[in-house]
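As the structure lists them, so they are numbered: ligands from 1, and atoms in each ligand from 1.
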Amino acid sequence: MITQEKLTSFIEANPILEDVISLKPITWLNPQKKLMKEMPEFSIGMEEIIAVEKLWERFAPFFMAAFPQTIPSKGILESPLVEINAMKKVLNQQHPKIEGKLYLKCDNALPIAGSIKARGGFYEIMHYAENLALKEGLITKNDDYSKFNSKEFRQFFNQYEIGVGSTGNLGLSIGIISAKLGFQVAVYMSADAKKWKKDLLRERGARVIEFSGDFSEAIEEGRKQTLAKSNAYFVDDENSKELFLGYTLGALRIARQLKEQGVTVDKEHPLFVYSPCGVGGSPGGTAFGLKQIFGDAVHCFFVEPTHSPAVLTGLVTGAMSKISVQDFGIDNQTEADGLAVGRPSKFATEISSHVISGNYTIEDSKLFMLLTQLIDAENIFLEPSATAGLIGPQRIAMTDYAEKHNLSLQNATHIAWATGGDLVPDENRRFFYEKGKSLLKNH
Ligand SMILES: *Cc1c(COP(=O)(O)O)cnc(C)c1O
């Protein structure tokens, strides 16, 4: 528990918290951000990122066998990086104007899971399944992993249970991959998780346990129930190294895509990346990976809803995962269900505190307006959470960040990380679109 005195002293030391508590959109620059030469030693590095990619390569034959939609990409799951000039024009109807190029990283289109959770969630389950199979002597690392799509393997994995707590997308990714491998799977869902996500999971064979409380309660109960069983494994979004590692590979892939598209990233050509943030695992993993590759030339920002600034409050106060937005009387109520998180990930946030350049918050109404504008301009559908990075370039341009770091924005490349959308049913898409349309009209 955080005492009232402690809260008061946090606010006195960090006046920005007054605006955060009154739910005003803010932009915060991280005073703890390190240059590469000042960076502490972390427990992971480039070697581990490459090991993640190798594991995905071993599993490629499994994906081709189990998910035929991955055959054209030879069992490799990746999403496009696209320049969005029409959207840039729309955004530039407001000041300040975006300087440099604007790209969208389309993880909404990641195969099978339709969100960035395919990176972290799938990786953690594959890593666990591979370890079990190696230990049992069912496989060696040189074998053809299409064996993982066999009755024998499914029967073996069926002795084990996977548990996970989720607001939706993590549950979907863990549920889909675990059920396919044959695991029993239990998804502990918070009250804000959407009905269609629960329905889809049940259809795929997962057990869905619903809670009336928020994400922290769902995860706590899930952890307790899962760890009480002997043959069970809990994917712990509040403190998972494996999830984090899974996300880092996105950085390696995006670096290749930038190179293929002839985009230079160096001191004179800075790269800015804006990532929607829940517990901070996915944006932290990708930011960490990008730093390993581009060093001081990349500048990573997180975005959270004004009602769920979990990582922001953890970083501003320095209390990290020991503090929640509810401690400040913030309600954690947002339509951005992928970001509806009150407490940050311990593992991720300790790393991010050194790595990220800053954090801004955004109102739900803005997410819906961006969703509608992106469909009209680019014909790309994103779920509300996933649009949050689009205003990043303008938010940062309103601060003295570029000036302070001596950056030329004309030469900049901006990437808004679109984190999810493809699994959203048509009916929900229409509802979101109309909501954004009417908000824009009254704007
Ligand atoms: C989970 C999620 C995020 C944030 O990821 P965290 O690891 O929780 O920070 C962002 N967008 C979408 C769509 C998500 O599902």
Side-chain angles (χ1 to χ4, degrees), residues 79 104-110 113-124 164-176 187 189-190 192-194 197 214-216 218-219 235-248 250 273-289 300-305 308-312 314-315 321 325 332 334-349 351-352 356 359 362 364 367 370-371 381-390 392 416-424 428 432:
S79 77
L104 192 70
K105 178 57 177 163
C106 298
D107 275 3
N108 53 297
L110 270 178
S115 85
I116 195 166
K117 301 298 192 304
R119 299 185 186 279
F122 283 13
Y123 172 74
E124 181 154 3
V164 63
S166 175
T167 63
N169 284 342
L170 182 63
L172 278 181
S173 90
I174 299 287
I176 291 170
V187 182
M189 287 264 195
S190 50
D192 44 27
K194 296 284 177 283
K197 293 187 180 176
D214 82 345
F215 178 64
S216 286
I219 204 170
V235 176
D236 199 332
D237 202 17
E238 287 186 335
N239 196 23
S240 170
K241 178 176 170 177
E242 303 310 330
L243 276 177
F244 189 87
L245 272 175
Y247 293 125
T248 60
V273 181
Y274 311 94
S275 299
C277 173
V279 297
S282 71
T286 49
F288 176 78
C300 302
F301 292 87
F302 290 3
V303 202
E304 293 176 293
S308 302
V311 173
L312 176 73
L315 290 178
S321 58
V325 302
N332 191 26
T334 169
E335 295 280 339
D337 44 350
L339 316 180
V341 166
R343 188 183 292 281
S345 155
K346 184 172 186 306
F347 183 84
T349 308
I351 294 180
S352 300
I356 71 164
N359 191 322
I362 184 168
D364 278 17
L367 299 175
L370 290 167
L371 182 153
F381 170 82
L382 303 182
E383 61 185 281
S385 305
T387 65
L390 287 163
W417 208 298
T419 44
D422 271 14
L423 294 192
V424 178
N428 303 60
F432 291 153

[X]: heavy atom below 4.0 Å from ligand 1, yes or no?
| X | answer |
| --- | --- |
| Leu170 | no |
| Ala386 | no |
| Val341 | no |

Indicate yes or no: at least one non-hydrogen side-chain atom of [X] is less than 4.5 angstrom from one of [Y].
| X | Y | result |
| --- | --- | --- |
| Leu390 | Tyr274 | no |
| Pro305 | Leu339 | yes |
| Phe122 | Ser173 | yes |
| Ile116 | Asn169 | no |

Exercise. Measure Ser282 to ligand 1 on non-hydrogen atoms and call it side chain, backbone, both or neither using the 4.0 Å cut-off.
Key: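 For Ser282, the contact with ligand 1 is made by both the backbone and the side chain.
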Could you tell me, atom by atom, which parts of ligand 1 come under 4.0 Å of a heavy atom of [X]?
| X | value |
| --- | --- |
| Gly281 | 6 (P), 7 (O), 9 (O) |
| Pro276 | 4 (C), 10 (C) |
| Cys277 | 9 (O) |

Quiz item: Which residue owns the protein heavy atom closest to atom 1 (C) of ligand 1, what's the atom, and how far is it?
Solution: Lys117 NZ, 1.3 Å
Quiz item: What protein heavy atom sits nearest atom 8 (O) of ligand 1, and how far off is it?
Solution: Val279 N, 3.0 Å
Can you find an N/O atom of [X] closer than 3.5 Å to an N/O atom of ligand 1?
| X | result |
| --- | --- |
| Thr419 | yes |
| Gly280 | yes |
| Gly338 | no |
| Leu339 | no |
| Asn169 | yes |

Exercise. Start with the C-alpha gap between Asp107 and Thr419, add the side-chain angles, then the distance that decides, and say whether side chain to side chain donor-acceptor pair (under 3.5 Å) holds.
Key: CA-CA 5 Å; Asp107 275 3; Thr419 44; over 6 Å; no
Self-check item: Pair Glu383 + Lys197: basic N to acidic O under 4.0 Å
Solution: yes
Quiz item: Can you name the closest pair of heavy atoms from Ala310 and Arg343 and give their distance?
Solution: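 Looking at all heavy atoms of both residues, the closest pair is CB-N, 3.6 Å.
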Quiz item: Do you know which two heavy atoms are closest between Ser282 and Pro276, and how far apart they sit?
Solution: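 Here Ser282 and Pro276 meet closest at OG-O, 4.3 Å.
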Quiz item: When you look at Glu124 and Ser240, which way does the side chain to side chain donor-acceptor pair (under 3.5 Å) test go after all the steps?
Solution: CA-CA 9 Å; Glu124 181 154 3; Ser240 170; 2.8 Å; yes
